[in-house]
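Numbers restart at 1 for each chain; the letters A, B, ... are given by sequence-line order, proteins then strands. Heavy-atom basis, side chains included; hydrogens, waters and symmetry copies ignored.
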2 protein chains.
Amino acid sequence: MPTIYEVAALAGVSPATVSRVLNGVNVSPEKARLVRDAAEQLSFTPSRTARSLRMQSSVVIALVIPDIENPFFTAMARGVEDVAQAAGYSVVLCNTDDDPVKEARYLDIAASENMAGIILATAGDQADVDRHTERGRPVVAVDRAPLGVEVDTVLVDNIGGGRAATTALYERGHSIVACITGPADVATARERAAGWEETVRARGGIPGPYLRHADFRVGGGRRAMSELLALPVPPDAVFVANNLMSVGALQVLFENGRATAGIGIASFGDLPFPTLAPIGISIVPLPARRLGETAARMLLERINGDEEPPRTVVLSNER
Amino acid sequence: MPTIYEVAALAGVSPATVSRVLNGVNVSPEKARLVRDAAEQLSFTPSRTARSLRMQSSVVIALVIPDIENPFFTAMARGVEDVAQAAGYSVVLCNTDDDPVKEARYLDIAASENMAGIILATAGDQADVDRHTERGRPVVAVDRAPLGVEVDTVLVDNIGGGRAATTALYERGHSIVACITGPADVATARERAAGWEETVRARGGIPGPYLRHADFRVGGGRRAMSELLALPVPPDAVFVANNLMSVGALQVLFENGRATAGIGIASFGDLPFPTLAPIGISIVPLPARRLGETAARMLLERINGDEEPPRTVVLSNER
DNA sequence: AGCGTCGCAGAAATCGATTTCAGCGTCAAG
DNA sequence: CTTGACGCTGAAATCGATTTCTGCGACGCT
């Protein structure tokens, strides 16, 4: 791995001049050519580590997500990546597995690696991002808003989506609409359920026994759906608050041969890789990719010196 | 962001001593306590950038994959992560989008960030990993073997899997078995098709018109399946060489109402998030997670100084 | 001619850690 | 009492880039 000193020696100039050539500062054309040739010949790549140390900042962005196996987050990652790459930044993905400890560790890494910024879909409700914001390192929260921290945030309309999905089920003629949502300590889960509950009450229903908290994963959806089916008075429709739990719920319905038995399903977020014949599932679209793109754009603005007070953007539930 | 100098000043010792305390070198107990207290008080996190520069190596591993939206690769990522985290390494994911240019860029980054090692599912057949191996930075290829490069490699038995899937279709009574495989310049695609072709010939079939190359994605599977159905003599079974194309193929069958019309499907690799009632799809399991775990373990051995000649491990097609 | 300005380039400082080297003190052995 | 070994510690070098500071030469203006 050649260094800038070797390039300088080969070109017969000082390392300072090599650096200037590489960074487009004014240098005489002859020296510039000498340097470029030398760099070419040694196939020189500047050490990002050294540069980061000196500049106190790198050109990589950390994207911290709770579940890399959830297509919602990977679609978001694609959005972030496209925008960031176009601006010359690289994106590294950090998978927290919904574990605040792992999350904290990755945030530490991001700080001590001098990363340019962080896009965070936080695992819990609390995230210690002060360390970053205090140092002027921008942080954008996406999908989930950390409590009590003032950072840019990109969200979807969870309550509205919950309402829309539930209303759609009523309008299809269902009368008892249950809800399978995520963990009670996750804000998105609470909000989606709130949209459901509000709608149920408005129609004179009793939400109580028909609300289930699960883990936002396939297995959780399965268990919750089984429980609902086992109720004395089972629901005839279910609003499921994310894509993976919808898969789980549908699996249970299929396995019980009830897929076409009139139990309606509405999913918050597209089903991953749908292969089903359209059996009348309502989908509230979740613009995962746009979420990522928007977050990335906001982060880049901050990196480029935007000092406005923190903003919150709520995307509508369209693809 | 406090530095080691501030900790040293607060503790009344030299930075060298602080470093020694933090790295467990022999230091008198009193000073050790002073240092630990000071570090605690300032909530000091050592700069990984500075450490990497000095040590010429960091504790992060790059995992370079072609498609982050493919559950096969994310499952693999989980395997890598579990093993790496347990050994104190962090994993960053790099998504190349099957683009050799992006791949080269990420390999550059890995080198110039002094990453500890690289696990690479290469986009094309060629990958320029010499830069790394020459510098003693370990590289493990996974799922796909870069041509003409001597590195540790973890593969699955593609030919055997192709054979097994095809045989299963014949044994279910199908007589014309087609094949949808990946791009012709990807070795795994060629090998899986080779297993199919061999089996077809052994049964007296004519492979020729029934082989389709697509892009290993849902859309490619759809197009290829449509083409096969439009043949003068369409097949009555199809071996599909990866999970996403299987989804595409199944979508087409469902949309045409042919799902139950006797066209058999065998998929190389589990279907993502299956919600179908079991309609008799044959699956050749692909141990994605074990692939990742194995690769990570091999990489860690190399990082820890293993100097044996490169090995190739072929995992059997079991979960 | 003299003076100020400007462009270019090298020497040296800097970022924050690790590590070598050297010094100091203590203790044991001769 | 001297010598050697050993343990602990700090000073200083180091990693490889960027950037400030400084100097030099050319040029223009009065």
Of all the choices, [options], which nucleotide is nearest to the side chain of [X] once you look at every atom?
| X | options | answer |
| --- | --- | --- |
| B/Ala50 | C/dT19, C/dG16, C/dA12 | C/dG16 |
| A/Lys31 | D/dT19, C/dA17, C/dA9 | C/dA9 |
| A/Ser47 | D/dT19, C/dA9, D/dG16 | D/dG16 |
| B/Val27 | D/dT9, D/dA13, D/dA17 | D/dT9 |

_Side-chain donor/acceptor of B/Arg20 to base of D/dG10, under 3.5 Å_ = yes
*Looking only at N and O atoms, is any donor in the side chain of A/Arg51 or the base of D/dT18 less than 3.5 Å from an acceptor on the other one?*
no
*If each of B/Gln56 and B/Pro15 is mapped to the nucleotide of DNA chain D with the nearest heavy atom, which maps nearer the 5' terminus, i.e. the 5' end?*
B/Pro15
_Under 4.0 angstrom between B/Ser28 side-chain N/O and D/dT9 OP1 or OP2_ = yes
*Quick one: is C/dG10 close enough that its OP1 or OP2 comes under 4.0 Å of any side-chain N or O from A/Thr17?*
yes
To the nearest Å, how far apart are [X] [atom1] and [N] [atom2]?
| X | N | atom1 | atom2 | result |
| --- | --- | --- | --- | --- |
| B/Asn23 | C/dA17 | CG | C1' | 9 Å |
| B/Leu34 | D/dC8 | CG | C1' | 14 Å |
| A/Glu6 | D/dG16 | CD | P | 8 Å |
| A/Arg54 | D/dT14 | CZ | P | 19 Å |
| B/Leu22 | C/dT19 | CG | C1' | 15 Å |

*Taking atom types as modelled, is there a side-chain donor on A/Thr122 or A/Glu103 under 3.5 Å from an acceptor on the other?*
yes
Answer yes when [X] and [Y] have at least one side-chain N-carboxylate O distance shorter than 4.0 Å, and no when they do not.
| X | Y | result |
| --- | --- | --- |
| A/Asp97 | B/Arg78 | yes |
| A/Arg144 | A/Asp98 | yes |
| B/Arg311 | B/Asp306 | yes |

*asked:* For a quick check of understanding: with a heavy-atom distance under 4.0 Å over all strands, which category does A/Thr3 fall into, base, sugar-phosphate or nothing?
replied: sugar-phosphate
*Between A/Leu53 and A/Val13, name the one whose nearest nucleotide on DNA chain C is closer to the 5' end.*
A/Val13
_In the structure I gave you, are the side-chain heavy atoms of B/Pro310 and B/Val151 within less than 4.5 Å of one another anywhere?_
no
